[in-house]
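Inspection log for the structure reproduced underneath, given as structure tokens.
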Amino acid sequence: MRDIAYEQALIRHQRKMLRILDEYHSEDTANWTERDFLAIQRALQVYIESFIGMARYFVQQKYTLSVSQSREALDELKSRGDLTTQQHGELLKIVGFRNVLVHDYLELNDGIVQAVITKRHYAVIEHLFIEWRQALESMD
């Protein structure tokens, strides 16, 4: 059974974080302060975590499978044809980057954060959110 409130919360967080990340994407990185880097890191973390939540929820709703790890959800979606090999690889990198943001924050390189934003490496998530949301709505 779908949890519409959960879906709406995920989408609300995803949109908010995407808006923040895209605002930074359009700014001159030379003007970013330490506070900006911290805001970007937090926005990336929440954005990626909302994606992980959506991936696990989508697997649960579409295949009635419960997965506890983000990797499991992505592997399941790839094995069932919902993700291409390329998407799967990109998403594993994004999830890995989230783990760096959360667990290896003392070693985080601002240049990598800057590259993620300027190259919009986070954008692949946006399309999947839309696609999966439409798929969930069509399951009703």
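In this text the structure is predicted, and so the values were computed from the model without any measurement. For this chain, numbers begin at 1 and follow the sequence in order.
- Between E49 and R98, at least one side-chain nitrogen of the basic residue sits less than 4.0 Å from a carboxylate oxygen of the acidic one, meeting the salt-bridge criterion.
- For the residue pair E72 / S68, a side-chain donor-acceptor distance below 3.5 Å is found, with atom types taken as modelled.
- Formation of a donor-acceptor pair under 3.5 Å by the Y57 side chain with backbone atoms of D3 is found in this model.
- Between L136 and M54 there is a side-chain heavy-atom pair separated by less than 4.5 Å.
- Contact check for S50 versus Q14: side-chain heavy atoms found under the 4.5 Å cut-off.
- Here the rule is ring-ring contact (aromatic ring centres under 6.0 Å, His included) with F58, and of F51, W132, F129 only W132 fits it.
- One distance of note links CG of L44 with CD1 of I94; it measures 9.5 Å at 0.5 Å rounding.
- Side-chain contact between I125 and L91: present, with at least one pair of heavy atoms (C-beta onward) separated by less than 4.5 Å.
- For the pair E76 and R56, the salt-bridge criterion is not met [side-chain N within less than 4.0 Å of a carboxylate O].
- Separating the CE atom in M17 from the CG atom in D22 is a distance of 12.5 Å, to the nearest 0.5 Å.
- A salt bridge links D75 with R71; the closest basic N to acidic carboxylate O contact falls under 4.0 Å.
- Of all the heavy atoms in Y24 and I117, the pair that sits closest is C-CG2, 3.9 Å.
- More than 12 heavy atoms of other residues, nucleotides or ligands shown are found within 6.0 angstrom of NE2 on H88.
- Counting non-hydrogen atoms of neighbouring residues, nucleotides and ligands closer than 6.0 angstrom, the CZ atom of R19 exceeds 12 such neighbours.
- Side-chain contact between D82 and K78 is absent, with no heavy-atom pair separated by less than 4.5 Å.
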